[in-house]
Amino acid sequence: MFSHQVERLDVGVYRVPTEGPEADGTLEWDATTAVVVHAHAAGAIGLGWTYSSPAAATVVAHHLRGVVVGRDAADVPGAFDAMHRACRNFGTRGLVAQAISAVDIALWDLRARLRDLPLAAVLGRCRSSVPIYGSGGFTNLDDAELAEQVGVWQNAGCAAMKIKIGQCWGTDTDRDLQRVNRFRELAGNAVEIMVDANGGYTPGQARRVGAALDHLGVTWFEEPVSSDDIDGLAAVRGAVRCDVAAGEYISNRYDARQLAPVVDCLQLDVTRCGGYSGWLAAANIAAAHNLDVSGHCAPALHVPVAAVIPRLRHLEYFIDHTRLEAELFDGVPAPSGGRLPVNTTGSGHGMSLSAGADKYRQDSC
């Protein structure tokens with residue numbers, strides 16, 4: 001294979017409003033920001049993005065571009081290490097990890113496109129589609145709005161669905177449980193019910209709520225306490241029957257190694273944990289602990305990498321990101337029978353920035 005250098009790295013910021021105000025247990029928002037990266041080499045263009053602050057675009061422009069441009073486009077692992085070294089003095093977690101994630105995804109997509117191969121094939125595909133679960137169910141929704149989202153997931157064929165609980169930092173647990181009951185009525189008994197507290201409870205609250213969730217047949221209790229509270233997660237996990245899940249804020253394999261012993265399923269977010277390189281490294285940590293992995297949010301971006309690990313449980317078909325991805329990108333996979341198809345014929349991950357994305361553009365670097 002001929003060697004090609006990365007010639008250019010472009011980054012732009014896109015802000016897409018939600019259909020209305022949204023909230024979980026600990027946060028409110030009315031828009032989602034995508035930081036989009038394009039990597040260029042020999043006429044091919046790789047695409048990656050992260051959901052982050054516009055400041056992540058500044059990290060790409062000021063600290064990552066200089067160590068990526070001019071490198072062999074096939075040497076993605078070398079670029080990954082170089083980006084981490086370049087950001088050593090700023091810290092390589094959080095926002096910096098999100099910036100690295102967007103570039104790493106773009107570089108892997110570029111590498112596959114230069115070889116004219118599907119990205120999943122380059123990474124080592126073991127399945128042709130990946131299971132998804134419906135996700136949203138924000139704490140500010142009324143029953144009619146929740147029913148509308150359940151209908152979207154039913155149309156996608158989702159056999160599992162998840163809503164947010166822990167409203168206002170866990171100050172209204174009665175309403176939380178009432179919403180779970182209503183959710184069960186809307187979804188039906190055949191659907192696996194999941195909840196996400198976004199770290200809104202104390203360990204004591206989470207144990208008490210978890211006992212009620214067990215009685216209601218909930219199978220997945222996500223971030224019952226802050227994912228930074230390792231002892232709290234362990235305490236909740238030891239007290240409930242439903243699976244305790246966390247990991248969406250993992251930035252690297254060291255974070256994964258710390259969290260894996262206290263969860264039943266490790267969540268990984270390709271837009272936060274170092275892109276495809278970081279996701280696969282953290283997935284190996286999960287495998288060493290005999291854990292499944294669940295992809296957090298960004299369903300379209302997760303499909304190629306989720307297709308290559310044997311211990312995949314599912315991907316989160318998050319209603320905000322499915323709307324945004326359809327607005328910003330062409331080639332986004334569509335669900336069928338509760339699964340997303342893997343690109344097995346075209347090159348790269350198969351997606352590109354749409355012509356209509358310009359109306360959401362905020363800035364570029």
Side-chain angles (χ1 to χ4, degrees), residues 16 19 32 34 47 49 51 105 108-109 112 117-137 145-163 183-184 186-194 196 219-220 245 265 267-271 276 279 283 292-354 356-357:
V16 181
E19 290 187 336
T32 301
L47 167 68
W49 70 86
Y51 297 112
I105 292 165
W108 275 110
D109 186 40
L117 289 172
L119 178 56
V122 172
L123 295 172
R125 179 174 65 87
C126 68
R127 59 176 62 85
S128 58
S129 66
V130 294
I132 57 174
Y133 69 89
S135 172
E145 292 167 326
L146 180 58
E148 182 180 353
Q149 290 193 358
V150 169
V152 171
W153 305 329
Q154 288 171 334
N155 289 336
C158 295
M161 303 176 188
K162 184 178 80 181
I163 64 168
F183 182 39
R184 165 59 75 194
L186 292 169
N189 291 329
V191 170
E192 180 182 350
I193 295 298
M194 308 161 66
D196 180 4
T219 61
W220 172 284
C265 184
Q267 294 178 279
L268 298 174
D269 189 326
V270 76
T271 73
Y276 293 139
W279 203 93
D292 289 343
V293 166
S294 178
H296 173 266
C297 290
L301 275 183
H302 273 101
V303 170
V305 73
V308 309
I309 63 166
R311 291 295 300 268
L312 176 77
R313 185 171 300 192
H314 41 42
L315 301 184
E316 182 174 14
Y317 195 66
F318 184 49
I319 203 154
D320 270 1
H321 291 178
T322 57
R323 290 170 180 158
L324 181 147
E325 289 167 349
E327 286 287 316
L328 291 186
F329 306 105
D330 294 328
V332 172
S336 178
R339 303 182 75 87
L340 287 175
V342 179
N343 174 31
T344 58
T345 55
S347 63
H349 52 46
M351 293 178 287
S352 60
L353 192 67
S354 72

Legend entry - S354 side chain to E327 backbone, donor-acceptor under 3.5 Å: yes
Legend entry - Over all atoms of both residues, closest heavy-atom pair of N343 and G348: ND2-O, 3.0 Å
Legend entry - Contact summary for A306 and W279, nearest pair of heavy atoms: CA-CH2, 4.1 Å
Legend entry - Exam field: side chain H321 to backbone E316, donor-acceptor pair closer than 3.5 Å: no
Inset, instruction - On the 0 to 90° scale, with breaks at 30° and 60°, tag the W153-F183 ring pair as parallel, tilted or perpendicular. - result: perpendicular
Legend entry - Value rounded to 0.5 Å, distance of CG in L268 from CD1 in I309: 7.5 Å
Inset, instruction - Measure the CG-CD distance between L186 and Q149 for me, rounded to the nearest 0.5 Å. - result: 11.0 Å
Inset, instruction - Answer whether the closest heavy-atom distance between the side chains of L312 and P131 falls below 4.5 Å. - result: yes
Legend entry - Sub-4.5 Å side-chain heavy-atom contact between Y276 and H349: yes
Inset, instruction - May I ask you to test the W108-V305 pair for a side-chain heavy-atom distance under 4.5 Å? - result: no
Inset, instruction - Indicate the atoms forming the closest heavy-atom contact of T322 with P299, along with that distance. - result: CG2-CG, 3.9 Å
Inset, instruction - State, to 0.1 Å, how close A300 and V332 come at their nearest heavy-atom pair, and which atoms those are. - result: CB-CG1, 3.9 Å
Legend entry - Heavy-atom pair of closest approach, residues I132 and P335: CD1-CB, 3.7 Å
Inset, instruction - Report yes if the side chains of L324 and Y51 come closer than 4.5 Å at any heavy-atom pair, otherwise no. - result: yes
Inset, instruction - Enter the distance from C158:SG to E192:CD here, rounded to the nearest 0.5 Å. - result: 11.5 Å
Legend entry - Interatomic distance, I105 atom CD1 to L301 atom CG [nearest 0.5 angstrom]: 5.0 Å
Inset, instruction - To the nearest 0.5 angstrom, please state how far the CZ atom of R125 sits from the CZ atom of R127. - result: 10.5 Å
Inset, instruction - Check for a donor-acceptor pair, side chain of R323 on one end and backbone N or O of F318 on the other, with a separation under 3.5 Å. - result: no
Legend entry - Parallel, tilted or perpendicular: rings of Y133 and W220 (30°, 60°): tilted
Inset, instruction - Applying side-chain hydrogen bond (donor to acceptor under 3.5 Å, both in side chains) between S294 and each of H314, H302, R313, Q267, report the one that passes. - result: H314
Legend entry - Distance (rounded to the nearest 0.5 Å) between E325 CD and T32 OG1: 10.5 Å
Inset, instruction - Identify the heavy atoms of A334 and L340 that sit nearest to each other, and give their distance. - result: C-CD2, 3.7 Å
